[in-house]
Number of protein chains: 2
Amino acid sequence: MAKAVQQRTLKTRARLLEVAQALVKQGGYEALRVEEVVLGAGVAKGTFFAHFRDKDALMEILIGAELDACLDQAEAGETPDSVDAIVAALAPYHRCISAERYVFDVALRYSGAAAIAEIGPIARTFERYFRLVEGWMASGPFRRDVSPALLAEGVQAFAIQALSLQFCALHEATAFEDRLKVYLDAWLLPGS
Amino acid sequence: MAKAVQQRTLKTRARLLEVAQALVKQGGYEALRVEEVVLGAGVAKGTFFAHFRDKDALMEILIGAELDACLDQAEAGETPDSVDAIVAALAPYHRCISAERYVFDVALRYSGAAAIAEIGPIARTFERYFRLVEGWMASGPFRRDVSPALLAEGVQAFAIQALSLQFCALHEATAFEDRLKVYLDAWLLPGS
DNA sequence: CCAAATAAATGACCACGGTCAATATTGGAG
DNA sequence: CTCCAATATTGACCGTGGTCATTTATTTGG
């Protein structure tokens with residue numbers, strides 16, 4: 001049997017990713033064009049789709065990498081023990097995911113997965129986010145009448161709500177972090 | 001000045017909507033093609049875009065109408081006074097919005113609005129949903145330490161979370177309504 | 001009733017993501 | 001080294017959403 005994967009493959013894939021990343025840095029995610037990526041990488045269009053199922057698969061990789069870096073930051077810091085500290089610790093992640101409307105939409109669309117077999121990079125960051133917050137819930141001074149896991153799911157739900165409202169014309173008044181704090185105070189510290 | 005809008009316009013628009021609705025009934029939202037709509041309505045492609053900004057604008061109208069009908073139902077029923085009753089009252093809306101993955105994605109994307117001037121039909125149903133639930137919060141046996149408005153925002157956030165997880169490979173085990181009930185018990189009746 | 005003015009409709013055209021049969025390259029077996 | 005099967009690449013082609021200069025229909029002022 002021939003070698004399963006040629007090193008040529010790896011080079012091509014790396015070049016595609018590199019060019020894509022550079023283009024995103026210049027013009028943002030929404031403006032990225034497959035055509036430009038293959039042009040920059042010096043390959044044909046078909047080659048792109050031999051390496052990535054579709055354009056979104058590339059987006060998932062690029063966005064997932066950025067989000068993972070933010071979670072690395074959050075994990076490196078101290079364990080937050082208040083709502084303010086939680087909001088602060090998650091700030092890089094939230095800033096990254098809401099940097100572009102397009103990015104937020106993609107992230108939401110791939111926050112789950114179509115099938116067990118193909119959980120993508122973005123879904124993995126959501127899972128990581130959840131686990132991280134779950135840990136914080138167990139150690140911090142938060143309500144104990146429900147499980148840390150449930151609390152963490154709620155934090156995620158409220159973060160998405162607050163992020164959505166950031167893009168919403170009906171609710172421009174309040175800033176994202178202030179809104180999230182109000183949510184989390186009510187969710188994590190009821191009756192106080 | 002010439003008459004602002006000719007009755008021909010209304011007829012054409014009505015025909016486009018009628019055909020689109022019929023096609024959706026047959027094949028669902030995702031499979032809808034602008035080409036088929038204009039073919040069925042007997043007009044040129046350009047005419048479609050003279051009546052709707054883009055394909056999504058048509059989708060918003062169709063989906064918004066369906067969601068509005070569900071809210072009519074919810075409004076017509078008794079005011080729910082328990083978590084179970086709330087989940088039951090909102091069931092038609094939730095069923096409708098999650099009938100197709102594509103529909104849910106479109107709904108989320110247009111749940112806000114790009115600019116104050118152009119709040120669309122779907123954003124309006126989100127606002128209606130919020131107001132409706134807000135009313136229930138004020139009259140029901142739920143926590144009083146935070147405002148009904150905040151409670152309603154939370155209900156919306158948890159509903160979206162539960163709907164998202166329905167489409168997520170990581171969480172297929174629990175059914176949507178059971179999950180939502182767990183969320184709302186913890187959100188609306190903490191410590192009980 | 002005609003002509004100018006305004007609104008609506010047309011369809012050829014473009015942009016861009018994605019496909020696939022044909023071709024080229026690779027690397028291990030003999 | 002040579003051959004060949006597996007693998008990678010190619011680029012013409014397609015589907016579909018969206019555009020716009022031109023043509024056609026309607027309304028209004030005289």
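Labels below follow one simple rule: chain letters A, B, ... track the order of the sequence lines, proteins then strands, and each chain is numbered from 1.
- Residue Thr9(B) is in sugar-phosphate contact alone, with no base atom involved, counting any heavy-atom pair closer than 4.0 Å across all strands shown.
- If you measure from atom CZ of Arg15(A) to atom P of dA8(D), you get 14 Å, rounded to the nearest angstrom.
- Between Thr12(B) and dA8(C) there is no side-chain N or O to OP1 or OP2 distance below 4.0 Å.
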Practice problem: I would like to know whether Tyr183(A) and Trp187(B) meet ring pair (Phe, Tyr, Trp, His ring centres under 6.0 Å); could you show each step before the answer? | Solution: CA-CA 11 Å; Tyr183(A) 288 155; Trp187(B) 174 236; 7.7 Å; no

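- Distances shown here put a side-chain N or O of His51(B) below 4.0 Å from the OP1 or OP2 atom of dA9(C).
- OP1 or OP2 of dT10(D) lies within a sub-4.0 Å distance of a side-chain N or O belonging to Thr47(A).
- For Asp105(A) and Arg101(A), the salt-bridge test passes: some basic side-chain N is under 4.0 Å from an acidic carboxylate O.
- At whole-Å resolution of the value, NZ in Lys45(B) and P in dT19(D) are 11 Å apart.
- A centroid separation of 6.0 Å or more is found between the aromatic rings of Phe126(B) and Phe130(B).
- Arg33(B) has its CZ atom 12 Å from the P atom of dG18(D), to the nearest Å.
- Within 4.0 Å (heavy atoms only), Leu10(B) reaches no atom of the nucleic acid at all.
- In this structure, Phe48(B) places its CZ atom 13 Å from P of dA9(C), rounding to the nearest Å.
- Gln7(A) has no side-chain polar atom (N or O) that falls below the 4.0 Å cut-off from OP1 or OP2 of dA8(D).
- The side chain of Phe49(B) lies closest to dG18(D) when the candidates are dG18(D), dT10(D), dT10(C).
- Taking side-chain N and O atoms only, Arg8(A) has no distance below 4.0 Å to OP1 or OP2 of dT25(C).
- Look at CZ on Phe52(B): it is 14 Å from C1' on dA8(C), rounded to the nearest Å.
- In this structure, the side chains of Tyr102(B) and Met59(B) come closer than 4.5 Å at one or more pairs of heavy atoms.
- Per the geometry, CZ belonging to Arg53(B) stands 14 Å off C1' belonging to dG17(D), to the nearest Å.
- Note on Leu58(B): nothing from the nucleic acid sits closer than 4.0 angstrom, heavy atoms only.
- For the pair Lys11(B) NZ and dT26(D) C1', the computed distance is 15 Å after rounding to whole Å.
- Atom CD in Glu35(A) sits about 15 Å away from atom C1' in dC14(D), given to the nearest Å.
- Taking side-chain N and O atoms only, Lys55(B) has a distance below 4.0 Å to OP1 or OP2 of dG17(D).
- For the residue pair Tyr93(B) and Glu66(B), no side-chain donor N or O sits within less than 3.5 Å of a side-chain acceptor on the partner.
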